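Report on the following structure.
All residue numbers in this chain count up from 1 along the given sequence. The structure displayed is predicted, hence computed values, not measured ones. Side-chain atoms are counted along with the backbone in the values below, which use heavy atoms only and exclude waters and symmetry mates.
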Amino acid sequence: MTARDLILGRLRVARGEPPADPAAVPRDYRPAGAVAVDLDLLVHRLTDYRATVHRCADADVAQVVDEVLGGRRVVVPPGLPRHWLPATVAAVTDENLTAAQIAAVDGVVTAAAVAVAETGTIVLDGAPDQGRRVISLLPDVHVCVLRADQVVATVPDAVARVDPRRPLTWISGPSATSDIELNRVEGVHGPRHLHVVVVSAGAAQHG
């Protein structure tokens, strides 16, 4: 008997007989639909992450975009509602633009798929009004238009809404990272500035 056999034998004795069946895996984690949606919590989380939040009606989205990106060139996905764009922006539709062409614009305007109030996270899924993932990563400013009815309470609620086969981008505030000395650096992995436009009926408040 080798030393290895001796050690393994002692381990088997110490552990006892193996169980006949695998141990049951607990499935008592929180399901979707547990709590109500809190829009104010979403706004608080986004602001805490250094995003700028605007709350307005659908008819006022173009005014917000004008305030943020007026007079500048922006890339937009092919399916973006055109009434969200003011005449003051030069919109370039992404029809397989190169990375260099996308990086050369000043900002991007997209819609969203869903947002999580609890975590302040926005999810894009590559739908026609959101476009390719690259257009939300290269420009310096991202204006993301989010309908109030797209906001859910928790991450399980968001997962229940999205299609896992789609290219999902989960955004929690502007791009930021830090070095070993905890110095914050923004814009390394995506836009330095994130503006979230929360659209709800009758809203008239601007951030």
Side-chain angles (χ1 to χ4, degrees), residues 32-70 74-89 91 93-94 107-133 135-137 139 141-174 190-191 193-207:
V35 292
V37 175
D38 186 346
L39 276 179
D40 290 335
L41 178 60
L42 172 70
V43 172
H44 174 74
R45 291 282 191 263
L46 287 169
T47 303
D48 191 48
Y49 294 150
R50 302 191 185 184
T52 302
V53 180
H54 312 260
R55 301 178 74 167
C56 68
D58 184 77
D60 297 323
V61 171
Q63 180 181 341
V64 176
V65 175
D66 175 55
E67 293 170 359
V68 178
L69 289 168
V74 301
V75 60
V76 298
L80 189 80
R82 293 296 157 161
H83 70 274
W84 288 352
L85 299 175
T88 56
V89 301
T93 302
D94 177 35
V108 57
V109 181
T110 74
V114 67
V116 183
E118 186 177 61
T119 62
T121 303
I122 298 170
V123 184
L124 278 58
D125 68 358
D129 59 358
Q130 298 154 59
R132 294 187 296 158
R133 188 168 188 258
I135 69 171
S136 67
L137 298 178
V141 180
H142 182 186
V143 176
C144 184
V145 183
L146 174 72
R147 299 193 317 272
D149 62 8
Q150 292 178 303
V151 181
V152 297
T154 67
V155 171
D157 293 308
V159 172
R161 281 204 184 190
V162 298
D163 183 346
R165 296 168 295 183
R166 297 189 65 85
L168 302 178
T169 304
W170 297 67
I171 304 168
S172 294
H193 306 284
L194 174 64
H195 291 258
V196 180
V197 185
V198 180
V199 176
S200 55
Q205 177 182 352
H206 285 236

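- Under the 4.5 Å side-chain criterion, counting only non-hydrogen atoms from C-beta, Ile171 is not in contact with Cys144.
- Once rounded to the nearest 0.5 Å, the distance linking OG1 of Thr52 with CG of Leu46 reads 10.0 Å.
- In this structure, the side chains of Leu146 and Val151 come closer than 4.5 Å at one or more pairs of heavy atoms.
- The two atoms that bring Val37 and Ala153 nearest to each other are CG2-N, 3.8 Å, heavy atoms only.
- Using modelled atom types, one side-chain atom of Gln150 and one backbone atom of Ala112 make a donor-acceptor pair closer than 3.5 Å.
- Taking each heavy atom of Val109 and Pro77 in turn, the nearest pair found is O-CD, 3.1 Å.
- When the shell of 6.0 Å around CZ of Arg165 is examined, it contains 12 or fewer heavy atoms from other residues, nucleotides or ligands.
- Note that CD of Glu118 and CZ of Arg45 are 7.0 Å apart. Values are rounded to the nearest 0.5 Å.
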Quiz item: Could you walk me through whether Arg50 and Leu194 pass the side-chain contact (heavy atoms from CB on, under 4.5 Å) check?
Solution: CA-CA 8 Å; Arg50 302 191 185 184; Leu194 174 64; over 6 Å; no
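- Using a 3.5 Å distance cut-off with no hydrogens or angles, the side chains of His83 and Asp58 do pair a donor with an acceptor.
- Annotation: side chain of Val116 is not in contact with side chain of Asp157 (no heavy-atom distance under 4.5 Å).
- Considering all non-hydrogen atoms of both residues, Leu168 and Arg133 come closest at O-NE, 4.4 Å.
- Annotation: side chain of Leu137 is not in contact with side chain of Ile135 (no heavy-atom distance under 4.5 Å).
- Counting only distance, with no hydrogens or angles, the side chain of Arg147 and the backbone of Ser200 share no donor-acceptor pair below 3.5 Å.
- For the pair Ser136/Leu124, a side-chain contact is recorded, criterion being any heavy-atom separation below 4.5 Å from C-beta on.
- If you check the side chains of Thr121 and Ser172, you find a donor sitting under 3.5 Å from an acceptor.
- Listed for the Asp38 side chain is a donor-acceptor partner under 3.5 Å among the backbone atoms of Leu41.
- Between Val141 and Val108, the closest side-chain pair of non-hydrogen atoms is not below 4.5 Å.
- Side chains of Val199 and Val61 form a contact here, defined as non-hydrogen atoms less than 4.5 Å apart.
- Formation of a donor-acceptor pair under 3.5 Å by the Arg166 side chain with backbone atoms of Asp125 is found in this model.
- For the pair Gln130 (side chain) and Thr110 (backbone), a donor-acceptor distance under 3.5 Å is absent.
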Self-check item: From CA spacing to verdict: side-chain contact (heavy atoms from CB on, under 4.5 Å), Val155, Thr119
Solution: CA-CA 8 Å; Val155 171; Thr119 62; 3.9 Å; yes
Quiz item: Between Arg132 and Asp94, is a side-chain contact (heavy atoms from CB on, under 4.5 Å) present by the stated rule, with each step listed?
Solution: CA-CA 8 Å; Arg132 294 187 296 158; Asp94 177 35; 2.8 Å; yes
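- Outside the 6.0 Å centre-distance limit, the rings of His142 and His195 are not counted as a close aromatic pair.
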Exercise. Take Arg161 and Val152 through the side-chain contact (heavy atoms from CB on, under 4.5 Å) test and state the conclusion after the steps.
Key: CA-CA 9 Å; Arg161 281 204 184 190; Val152 297; 3.4 Å; yes
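- In this structure, His54 and Asp60 have side chains that are not in contact, with every pair of non-hydrogen atoms separated by 4.5 Å or more.
- Separation of atoms OH (Tyr49) and CD1 (Ile122) is listed at 11.0 Å; rounding is to 0.5 Å.
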